[in-house]
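Within every chain, numbering begins at 1; the chains are lettered A, B, ... in the order of the sequence lines, protein sequences first and strands thereafter. Quick caveat: nothing in here was measured; it's all calculated off a predicted structure.
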Amino acid sequence: MRKLIEFRNIVKSFDGQVVLKGVNLNINENEFVTLLGPSGCGKTTLLRILGGFLEQDEGTVIFDGECIDRVPPYKREINTVFQRYALFPHMNVFENIAFGLRIKKLGNDIISQKVNRMLSLVNLEGYEKRRVTQLSGGQQQRVAIARALVNEPNVLLLDEPLGALDLKLRKEMQRELKRIQQEVGITFIFVTHDQEEALTMSDKIVVMNAGEIEQIGTPLEIYNEPANAYVARFIGESNIVTGEMKTETRIRFDDRDFDCRDYRFRPGELVDVLIRPEDIGIVKPKEGIMRGEVKSVVFKGVHYELMVETKTGTSKTVKMNVVTQHDMANPATQEKISANDFYVDLDDLVNGEMTDQDFIRIANAQAWDEGERDISLTRVTHDIENKPGVYNITFGTEKKTEITVKVYVIHPEYVEDPRHNIGITALDFFITPDEIRESMAISTDLKTWASAEAWNLQDDSPVDITDVKFDFDPAEITEGSYEITFATRGREYKVETTSRHEEGDKVGLLFGPEDIHLMRKAVHET
Amino acid sequence: MKSFFRMSYPYLLWIALFIVAPMIMILLYALTRSGNGLLTFQFTLENFTKFFNDATFMRVLFTSLRIALLTTVFCILIGYPAALFMASLPERKQTTMVLLLTLPMWINMLLKTYAWRGILMNFDLESEARVFIGMVYDFLPYMIIQIHTAIAKMDRDLLTAAYDLGANRWKTFLKVTLPLSVPGIISGITLVFLPAVSSFVIPKLLGGGDYVLIGNLIEIYFLNAGDWNFGSAISLIMALIIIASMWATKKLDRNAQEG
């Protein structure tokens, strides 16, 4: 195949923001090339530079052996299918397609001959006289393609042309575009953020990220041998974990050694390990090379997508004391007031992080009048000292309606898990049955009531608590003491399977050496 | 729906009282002789024959049409490039420009016309030239805004697509921008030609006593001569001319859209 287009070190920035960081790319004749990446990765900018609608800051574009940097768009042998088609609303289908030919001042008979050929190429015979505004999205799309192709360009640029179509039509147009490209035999450069679209149509996929090319390859190469974790995540579903090479064919991850079929890395090197969800088999726990519990099941049509937790996260269990609260009434003012006993972390006290408002919130202190209207609590008095113990705290309103409850100042145990680098803490707490019954989001409320927090041991950054375990029915709660366990996310594997499983099932995971793909650690992560 | 419809009764009454009734009265006056009794009407067409058989009246009619047409053409000639320029500006500047353009509309038209009288007195101009300047000044913003709106709502990608398909800037203008701004030009024409043809303040103040347009004629017959019958007939003739020209522009608009 002959080289048709060459981008040499293309740099482009908008308002000081670098969009293309020196892109080098060769495109051959008759190739279907897809520029794939998320929005803002620079793919459309690269396309527009090739079309001549934007000028690069640095670098050169070579087209058919000649530099085209100074050639205006209307003189380039390149045509574009725009994202929103940009059909001329004041012209019918025929005139839209004939536009470029009329500019070239071709004879009427030649024009109608060429336009008719295009109409049959895109399956729109008989639509000549239709107004373009009366066409469906898919038909407009076809007109836009015909309008560009009738000029017999060497290259057709397509800027996310299928984005506005619904799924079924999009699939149809994907096949259609591929057919048209093969029929006319010219280079198609297709821009999309849809990985499935890229895999379906392309001869060559160019994966872009943040103004740079991450990988160039055939769809099969990109899918089976992604260059790094970024490409792997962008194309298809993936499980990616960090591993360390033990020997040239042994890789250690998740505290176990596995055989692999990749000889590119030296012993001791850290690599990203990719296992595709469809490569993992679900078996009985004893037969698997890993064991885990099914955390979620999502039905996807052909298959189920399971999340299997092979290792639990870091957890902390606390006691929830459910007690009925007694209102204190002040007959003089017709006001009522209530509050719970509560626990306070000594560290928060010492650090001065507890304000009166915090006490009111944790004690769930509130006051109201005979009309059930809330009254603000203006006075908080207590004898709390900066050491563990039981103290009294009194909340009061302007009119001296008061309630006194107990404060347990404790030194809670922090659970620190150096293996996952995660710390977690939570406090015992008191709560009324009503509050549990009225909770709209019980897991979130439990986290708040228990002041549950998890953090990264290295940099103190917060870590999500993804799991709240309890064994009561919030609707049927009675007084008593309950255990609640808060946990961070453990190691989870995404698995695609056709067999049915329930949440909570214990399963084994099975995969072979050929399913373990190793990738160089990415320099930048997004 | 029914209860909402009932809410429109006051407005229907208003329309009947202040729009439909006067129109019927004009029709009645135009078709009768003066000196009618309350219930006895003397129907006649002589008001119309009087108008069409008098060379002076016909001249006034043609002068009115001529100056309105001239004003409209000049508004397009000045307004189109101005609107095109405005549409090429960044969006925020466009808003400012529209504001600046509409600013003179906040001032009473009578005041503006008096100001023009003061300015134009310093020059040795024909009365028609003075009226023409005053009219173009007064109606130009309507034209610019209409054309600008049509150009501004055009998809920019259409221009890019035209370049892409081999058209240079001039051809892109001729084949894309111009045809797509035709609806704007047409509504501009409606907004300029109609008030221009019936204007009577501008010719009265800028034209001097000898410059009479059809609007002034109506004013004279109603207020000075007290001949309401003939005044009504002229009003009716003018109304018919306006209706005819509106129909013509509508037709033109539809043709332009069907391209």
TODO: Classify the ring geometry between Tyr9(B) and Phe5(B) as parallel (under 30°), tilted (30 to 60°) or perpendicular (over 60°).
DONE: perpendicular
- [ ] Classify the angle between the aromatic ring planes of Phe173(B) and Trp170(B) as parallel (below 30°), tilted (30 to 60°) or perpendicular (above 60°).
- [x] parallel
Open item on the list: Which one wins on heavy-atom pair count under 4.5 Å against chain A: Leu180(B), Thr172(B), Asp155(B)?
Closed with: Leu180(B)
Open item on the list: With a 4.5 angstrom heavy-atom cut-off, is it the side chain or the backbone of Asn151(A) that approaches chain B, or both, or neither?
Closed with: side chain
Open item on the list: Given heavy-atom pairs under 4.5 angstrom as the criterion, report whether the side chain, backbone, both or neither of Ile78(A) touches chain B.
Closed with: backbone
- [ ] Quick one: which of Arg102(A), Lys104(A), Arg84(A), Arg76(A) has the most heavy-atom pairs under 4.5 Å with chain B, could you say?
- [x] Arg84(A)
TODO: Go through the atoms of Leu87(A) and report whether side chain, backbone, both or neither lie under 4.5 Å from a heavy atom of chain B.
DONE: backbone
TODO: Hey, could you give me the CD/CD distance between Glu160(A) and Gln83(A), rounded to the nearest 0.5 Å?
DONE: 5.0 Å
- [ ] On the 0 to 90° scale, with breaks at 30° and 60°, tag the Phe132(B)-Phe74(B) ring pair as parallel, tilted or perpendicular.
- [x] perpendicular
- [ ] Please state whether the side chain, the backbone, both or neither of Phe82(A) comes within less than 4.5 Å of a heavy atom of chain B.
- [x] side chain
Task: Closest-packed option against chain A by number of heavy-atom pairs under 4.5 Å, given Asp164(B), Asp157(B), Leu165(B) - done: Asp164(B)
Task: Check: Asp159(A)/Thr80(A) side-chain N/O donor and acceptor closer than 3.5 Å - done: no
Open item on the list: Let me confirm one number: the CD1-CD1 distance from Ile237(B) to Ile242(B), rounded to the nearest 0.5 Å.
Closed with: 12.5 Å
